[in-house]
Amino acid sequence: MAACGGCRFFVLTLRTLYGTSRSAAHCALPLTKHRTLSTSLRTFSLDPFPSGSRKTPAQVGKPERISPSSGGVQRNLSAVAVPLQGQFCPLCRYDPLDLGDVEENTQKALACKHLRRFIVDPSLARIVTDHLAGDIDDGKAVIFECNPGPGVLTRALLNRGAQRIVALESDTNFLPELKDLEHKLEGQLDVVHCDFFKLDPIGQGSMKPPAMYSEKLFSDLAISEVPWSADVPVKIVGIFSQRNEKNILWKLIYNLFERRSIFQYGRVELIMFISQKEYTKLVTRPRDYKNYQAFSVLWQMACDIELLHEEPLSSFLTVTKKTGRPSSKETQSQSDNLCLVRITPREDLFNSHLTPLNGSTLVMMVKQCLAKRKSRLIEQINSWSPGSGSELISKLGFLDDTMTGDVYPGEFKRLFELMEQSGNFTQSWLYEETLETTNTGHA
């Protein structure tokens, strides 16, 4: 049946208006739904040296949906996440990656034969990504995820809009699935057989994965060095190993003060779950002679430390080496918490008197001072340079009976700078200690 031109124009107009209305409604719907995360009462920040330069990450999550199953869904994984003004653009806005369920993820994680903790609960993964909302929206830094395992947090980060994630996985059992996800994306995910906690081992020669030199890792990822004053180039996300947690933290603090390993590339930020025991020591203030240690002073001196979230240990899956299930000791400690902590190196850490060249000297000075926290500071200074104690104590505004455990991190830094300026001190007053001994976790 023939139709006149006017009728055809009328029908075309109706189709256009109808299609536009449906499209607009479909696109606008996800932006009007918000999910509020009720963890604000358990979240607070601690900043020993307030810098005033950082905005607290958003605590309220944006909309995110989980597919009920990954079997019969054809996903479009080719979109590249691009930050938008005032909102985020996840990888699959209308069909996000399936995070699985706790039982399914647990079965995958049990393939691990080493002592490790895993995030297997999608709700916990979303809590973490909610705390990283500001980091993801900013989009300036590459996210390194340590030992993602089944990849629950990996997928949650991608759903939240992370533009580039580097999954550093040490266990070959998890590599195939992670590699499969990598191949479906377009540059948003790099999977590397690497153990972050074994980066830059002592010694020379060839290296076999998962151990690796940071120089090779960053070179392969095309990540270049940036000035210390530049923005944070990389954010490390994960869970510290419970087996040698404090040893790792000691290794990191030495690398930080000497600007070696990952810190050679700039102010690399740590956003990690740490045990409540080590976190307490990390942020302890002076005059708590039991917990205030060199460990506390050095981290507080070097970094801004912010507690983002506390989560019961029972929320994580702990796999043991022998049984693949939590040990009786782990089961008894399920009431303990893990603390999600943001540790950001200070932009003003180094100056003309404290440099990466003498950073290890400061570390050793603090370790000697805090070996006996109830000893008088003036006596410790005089042991390094006889007769210099009174002058330095006076310049610091301290009394002669000030104990080493009463001195704040910033004051220890000032003491070191005065010692460097005086010319009466040389590195000979330090005991010769190698990195091997300092990595044993001595306080």
Side chains of [X] and [Y]: closer than 4.5 Å at any heavy-atom pair?
X	Y	value
Ile343	Met272	no
Met301	Leu362	yes
Phe118	Cys112	yes
Leu249	Ile274	yes
Arg160	Leu132	no
Asn337	Pro312	yes
Leu340	Ile127	no
Pro150	Phe174	yes

Whether the side chain of [X] engages the backbone of [Y] through a donor-acceptor N/O pair (distance < 3.5 Å, no angle test) should be reported.
X	Y	answer
Tyr292	Asp406	no
Glu145	Gly238	no
Asn159	Pro96	no
Thr404	Lys372	yes
Thr318	Arg117	no
Asp200	Ser214	yes
Gln300	Leu282	yes

Q.
Run Asn351 and Glu417 through side chain to side chain contact (heavy atoms under 4.5 Å, CB included) and show every step you take.
A. CA-CA 9 Å; Asn351 52 44; Glu417 293 170 348; 2.7 Å; yes
Determine the minimum heavy-atom distance between [X] and [Y], stating which atoms define it.
X	Y	value
Leu377	Cys369	CD1-SG, 4.2 Å
Leu153	Ile119	CD2-CD1, 4.2 Å
Ala109	Leu317	CB-CD2, 3.5 Å
Lys290	Arg373	O-NH2, 4.0 Å
Leu178	Gly151	CD2-CA, 4.2 Å
Tyr279	Val341	CD1-CG2, 3.5 Å

Q. Yes or no on salt bridge (charged side-chain N to carboxylate O under 4.0 Å, His left out) for Asp135 and Arg342, after CA distance, side-chain angles and deciding distance?
A. CA-CA 11 Å; Asp135 307 87; Arg342 182 193 300 274; 2.8 Å; yes
Rounded distance (nearest 0.5 Å) linking atom [atom1] of [X] with atom [atom2] of [Y]:
X	Y	atom1	atom2	value
Phe196	Leu217	CZ	CG	9.5 Å
Gln188	Leu158	CD	CG	6.0 Å
Asn247	Phe197	CG	CZ	12.5 Å
His114	Asp195	NE2	CG	9.5 Å
Lys413	Leu418	NZ	CG	12.5 Å
Lys113	Asp171	NZ	CG	9.5 Å

If the threshold is 4.0 Å, N to carboxylate O, is there a salt bridge linking [X] and [Y]?
X	Y	value
Asp130	Arg126	no
Lys179	Glu182	yes
Arg267	Asp231	no
Asp138	Lys235	no
Lys140	Glu269	no
Asp401	Arg376	no

**Q.** Within 6.0 Å of CD in Glu215, more than 12 heavy atoms from elsewhere
**A.**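 Open.
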Q: Would you please test Ile262 and Leu252 for side chain to side chain contact (heavy atoms under 4.5 Å, CB included) and show each step?
A: CA-CA 9 Å; Ile262 60 174; Leu252 287 170; 4.2 Å; yes
[X] side chain to [Y] side chain, donor-acceptor N/O pair below 3.5 angstrom:
X	Y	result
Glu245	Ser275	yes
Asn147	Ser170	yes
Asn291	Thr284	no
Gln380	Ser383	yes
Asn358	Thr361	no

Q.
Can you tell me which residue among Phe144, Trp228, Phe218 is in a ring pair (Phe, Tyr, Trp, His ring centres under 6.0 Å) with Tyr265?
A.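 Per the ring pair (Phe, Tyr, Trp, His ring centres under 6.0 Å) rule, the option paired with Tyr265 is Phe218, out of Phe144, Trp228, Phe218.
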Q | Trace of the side chain to side chain contact (heavy atoms under 4.5 Å, CB included) decision for Lys395 with Arg414 | A | CA-CA 10 Å; Lys395 288 183 177 180; Arg414 177 60 179 157; over 6 Å; no
(Q) Walk me through whether Lys108 and Glu177 qualify under salt bridge (charged side-chain N to carboxylate O under 4.0 Å, His left out). (A) CA-CA 10 Å; Lys108 292 179 180 179; Glu177 185 173 350; 3.0 Å; yes
(Q) Once you measure the plane-to-plane angle for Trp299 and Phe295, does it fall in the parallel (<30°), tilted (30-60°) or perpendicular (>60°) bin? (A)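 Answer is perpendicular, since the angle exceeds 60°.
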Q.
Please evaluate residues Tyr254 and Leu298 with respect to the criterion side chain to side chain contact (heavy atoms under 4.5 Å, CB included), reporting the C-alpha separation (whole Å), side-chain torsions for both, the decisive distance (0.1 Å), and the verdict.
A. CA-CA 9 Å; Tyr254 265 93; Leu298 293 167; over 6 Å; no
